[in-house]
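All remarks here apply to the structure that follows.
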Amino acid sequence: MSIRPLVILPDSRLRLVSEPVGVVITEIRGLVSDMLETMYDAPGVGLAAIQIGVPKRVVTIDTSKDENARQPQIFLDPEVVWSSEEKRVYDEGCLSIPEYYGEVERPERVRVRFRDLDDKEQEIEADGLLATCIQHEIDHLNGILFIDHLSKLKRDRVTKKFAKAAKRGEAA
Ligand code: GNR
Ligand code: NI
């Protein structure tokens, strides 16, 4: 187990479309364990594998508030199979865009199909923070960031700020 460095904007790896996990689940266990450790250390509510530089369709989420009662959820090859007409707005953040927040509108509820670490097909219906978070993470698997859902003005502003900071070799 190890905490891995986070991939930060404007790193072009954040724009990759991640590869399906496929059937070789055993190799995924070490990755998942590093993702959980990195997510809890950050701390973050969710993490997509590409955020530690691995372009595979693996997501970890823990929306529980209590760090003494952790409830890690692991999603391999997750897909949204249904989303509600009702939307909700949430002030989102991203570990790959530190200390920047913006309001994103997404479906309030989603059904998600995925596989677990035992290679079993699962389906859940999510609402609240879990629904927001799983959509944010599936976006990462497709090279999409929450800032892509903001106005062009806001997106350009934050992109430039992080590009400038990277050039100077400092945090934004
Ligand atoms: O820690 C995180 N919090 C969060 C808050 C609102 C909406 C989405 C998220 S996910 C984020 C961690 C992260 O960047 N996951 O990709
Ligand atoms: Ni994110």
Side-chain angles (χ1 to χ4, degrees), residues 2-21 28 31-80 83-84 86-110 112 114 124-151 154-155 157-159 161-163 165-166 171-172:
S2 50
I3 296 166
R4 306 247 217 124
L6 287 162
V7 172
I8 304 295
L9 194 75
D11 195 310
S12 61
R13 287 175 291 176
L14 292 170
R15 294 311 190 175
L16 289 174
V17 175
S18 293
E19 295 291 333
V21 171
I28 295 299
L31 171 63
V32 164
S33 134
D34 285 0
M35 286 175 65
L36 287 170
E37 199 176 350
T38 304
M39 179 179 83
Y40 289 126
D41 176 70
V45 174
L47 196 74
I50 193 59
Q51 292 182 276
I52 58 165
V54 179
K56 288 192 200 293
R57 303 184 83 81
V58 178
V59 165
T60 56
I61 295 180
D62 191 336
T63 56
S64 67
K65 298 261 152 65
D66 186 356
E67 68 173 86
N68 298 310
R70 284 177 169 168
Q71 291 175 285
Q73 289 183 279
I74 292 131
F75 301 87
L76 309 180
D77 297 334
E79 287 175 66
V80 173
S83 48
S84 64
E86 300 85 1
K87 314 280 182 198
R88 84 153 186 164
V89 173
Y90 197 88
D91 199 25
E92 296 195 17
C94 181
L95 295 173
S96 297
I97 313 172
E99 286 164 52
Y100 181 79
Y101 301 88
E103 291 195 338
V104 177
E105 185 184 86
R106 301 183 189 269
E108 186 169 25
R109 282 176 298 130
V110 288
V112 177
F114 62 100
I124 56 157
E125 192 162 320
D127 61 11
L129 179 57
L130 179 59
T132 297
C133 192
I134 189 77
Q135 293 175 80
H136 173 117
E137 303 310 339
I138 291 173
D139 271 357
H140 274 301
L141 304 184
N142 295 321
I144 297 166
L145 300 171
F146 84 88
I147 55 172
D148 299 339
H149 298 285
L150 306 178
S151 68
K154 285 184 182 169
R155 181 167 58 256
R157 210 184 272 153
V158 63
T159 304
K161 184 175 169 216
F162 276 80

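Values below: every heavy atom of this structure, side chains too, minus hydrogens, waters and symmetry copies. As the structure lists them, so they are numbered: ligands from 1, and atoms in each ligand from 1.
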Short list, please: which atoms of ligand 1 are under 4.0 Å from a heavy atom of [X]?
X: Glu137; result: 10 (S), 13 (C), 15 (N), 16 (O)
X: His140; result: 16 (O)
X: Cys94; result: 14 (O)

Are [X] and [Y] close enough that a side-chain donor and a side-chain acceptor fall under 3.5 Å?
X: Asp62; Y: Ser64; answer: yes
X: Glu108; Y: Ser84; answer: no
X: His149; Y: Glu105; answer: no

When you compare ligand 1 with [X], is there at least one nitrogen or oxygen pair between them that comes in under 3.5 angstrom?
X: Ser96; result: no
X: Gln51; result: yes
X: Val45; result: yes
X: Glu92; result: no
X: Pro43; result: no
X: Tyr90; result: no

Main-chain N/O of Leu150 paired to Arg155 side chain as donor or acceptor, under 3.5 Å: yes

So, the side chain of Glu37 versus the backbone of Ser2: is there a donor-acceptor pair under 3.5 Å, distance only? yes

When you check the gap from the basic side-chain N to the acidic O, do Arg109 and Glu125 get nearer than 4.0 Å? yes

Charged N-O contact under 4.0 Å between Arg15 and Asp148: yes

min-distance protein heavy atom vs atom 14 (O) of ligand 1 -> Leu95 N, 2.8 Å

Which protein heavy atom lies closest to atom 5 (C) of ligand 1, and at what distance to 0.1 Å? Gly93 N, 3.9 Å

Protein N/O/S atoms under 2.8 Å of the Ni ion (ligand 2)? Cys94 SG, His136 NE2, His140 NE2

Does only the side chain of His136 get under 4.0 Å from ligand 1, or the backbone, or both, or neither? Count heavy atoms. side chain

Of the backbone atoms (N, CA, C, O) and the side-chain heavy atoms from C-beta on, which set of Met39 has a member under 4.0 Å from an atom of ligand 1: side chain, backbone, both, or neither? neither

Does any part of the side chain of Thr60, heavy atoms only, come nearer than 4.5 Å to the side chain of Pro72, both counted from C-beta? no

Nearest non-hydrogen contact to atom 12 (C) of ligand 1 from the set Ala42, Gly46, Gly44 belongs to Gly46

For atom CD of Glu67, decide whether the heavy atoms of other residues, nucleotides or ligands shown that lie under 6.0 angstrom number more than 12. no

NZ (Lys154) with more than 12 external heavy atoms under 6.0 Å: no

Among Asp77, Leu76, Leu141, which residue meets the side chain to side chain contact (heavy atoms under 4.5 Å, CB included) test with Pro20? Asp77

Do you know the tightest heavy-atom contact between Pro43 and Leu95? O-CD2, 3.9 Å

May I ask you to establish whether Arg106 and Tyr90 are in a cation-pi arrangement, using a distance under 6.0 Å from NZ or CZ to the six-membered ring centre and at most 45° from the ring axis? no

